[in-house]
Amino acid sequence: MNTASETTASETAASEPAASEPAEGEPRTWSWHLIRVTGLFLAVFIPLHFIVVVIAGDVGATNAGTIVSRFQNDLWRAVEGIALVLALTHGFVAIRSRLLDSSWGLRVRDWTVVVLGVVCVLLGATAIYSLVTF
Amino acid sequence: MTGPPEADAGATDVDDADVDEAAPPAGGPASAGGPWAAIGGFVSFAYVVWYVIDLALVRTNPIAFNAAHRVYGNLAARVVFAAVFGAIVFHGLDGVRRTVVDHVAVVGRHDLVARTVVRFVTFAVWIPAVLVLIWPAIRDWFSR
């Protein structure tokens with residue numbers, strides 16, 4: 001019984017389109033490519049960032065002095081800057097795609113995307129400014 | 001004409017069970033990762049936003065930054081951070097799986113195995129990280 005069920009499952013998986021594949025006949029857009037490329041970098045950068053900042057650095061024992069000493073390392077600052085900009089880009093484009101797929105009214109949808117974009121740009125500018133001028 | 005209703009219902013159940021386990025979630029490209037991937041992505045994005053605000057705070061008001069981080073040391077905050085790490089790891093690994101499935105046909109034919117590997121590695125990374133993250137709060141609790 002189990003074997004038959006697994007076989008059916010495998011066959012179904014093989015015959016269905018891949019999980020993130022666009023629907024049949026639907027072209028892969030620039031946003032799809034951007035999400036994939038940034039996502040591959042972020043799959044390494046963000047867990048690494050979290051391990052260094054929150055786990056190894058112990059978020060509860062961190063103070064301003066910890067951040068100052070961490071930012072003495074220019075390489076770390078560069079990695080943080082790249083990771084944050086990529087993450088904000090990835091997040092904005094992914095949420096934008098979700099919003100465009102949603103059933104919200106056209107005007108509400110467009111304004112939400114604009115507001116989200118402005119927030120992401122402001123956050124990115126804040127991050128870069130903080131890292132460069134630290 | 002279409003047979004007994006009981007038989008139809010039974011057949012539908014079996015079909016649904018097979019499809020749920022093996023087939024990718026329904027929906028267009030944006031929802032292809034399923035609800036957990038979307039939740040993981042949203043939580044990861046929230047972490048990035050939190051970190052940028054934290055970074056701005058350390059520059060503008062270091063005293064408030066220090067006070068906020070003392071709060072992050074309590075057990076409840078550490079549990080939240082543990083959940084966030086789980087979301088980040090799962091979202092990252094699931095994203096890599098989706099990219100590999102798209103580009104390597106062999107992996108695409110074994111999507112169920114790939115999903116299982118993602119879940120296994122997520123827990124294999126997450127569980128030790130949770131212990132390291134939560135242990136200081138537990139130690140402090142018992143040393144009172």
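A, B, ... follow the sequence lines: proteins, then strands. Residue 1 opens every chain. Scope of the values below: all heavy atoms of this structure, side chains included, with no hydrogens, waters or symmetry mates.
Taking chain B as the reference chain and counting heavy-atom pairs below 4.5 Å, the highest number among A:L131, A:I95, A:L123 is found for A:L123. Among A:V53, A:L42, A:T66, the residue with the largest count of heavy-atom pairs under 4.5 Å with chain B is A:V53. When the candidates A:F71, A:F50, A:Y129 are compared by the number of heavy-atom contacts under 4.5 Å with chain B, A:F50 comes out ahead. When each of A:I46, A:V68, A:N63, A:V119 is scored by its heavy-atom pairs under 4.5 Å with chain B, the top score falls to A:N63. The greatest number of non-hydrogen atom pairs below 4.5 Å with chain B, out of A:L100, A:I51, A:T133, A:V44, is found for A:T133.
For B:F65, the part lying under 4.5 angstrom from a heavy atom of chain A is the side chain only. Of the atoms belonging to A:F92, it is backbone heavy atoms, and not side-chain ones, that fall under 4.5 Å from chain B. Both the backbone and the side chain of B:Y72 come within contact range of chain A, with heavy atoms under 4.5 Å apart.
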Walk me through whether A:L99 and A:W104 qualify under side chain to side chain contact (heavy atoms under 4.5 Å, CB included).
CA-CA 8 Å; A:L99 286 171; A:W104 292 10; 3.6 Å; yes
Passes side chain to side chain contact (heavy atoms under 4.5 Å, CB included), B:F45 versus A:L88? Steps please.
CA-CA 7 Å; B:F45 186 70; A:L88 289 168; 4.1 Å; yes
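Inter-residue side-chain proximity for A:W32 and B:D102 is flagged as met; some heavy-atom pair is nearer than 4.5 Å. The shortest distance between side-chain heavy atoms of B:R119 and B:W36 does not fall below 4.5 Å.
One distance of note links CD1 of A:I35 with CH2 of A:W30; it measures 8.5 Å at 0.5 Å rounding. With values rounded to the nearest 0.5 angstrom, A:H90 atom NE2 is found 9.5 Å from A:L40 atom CG.
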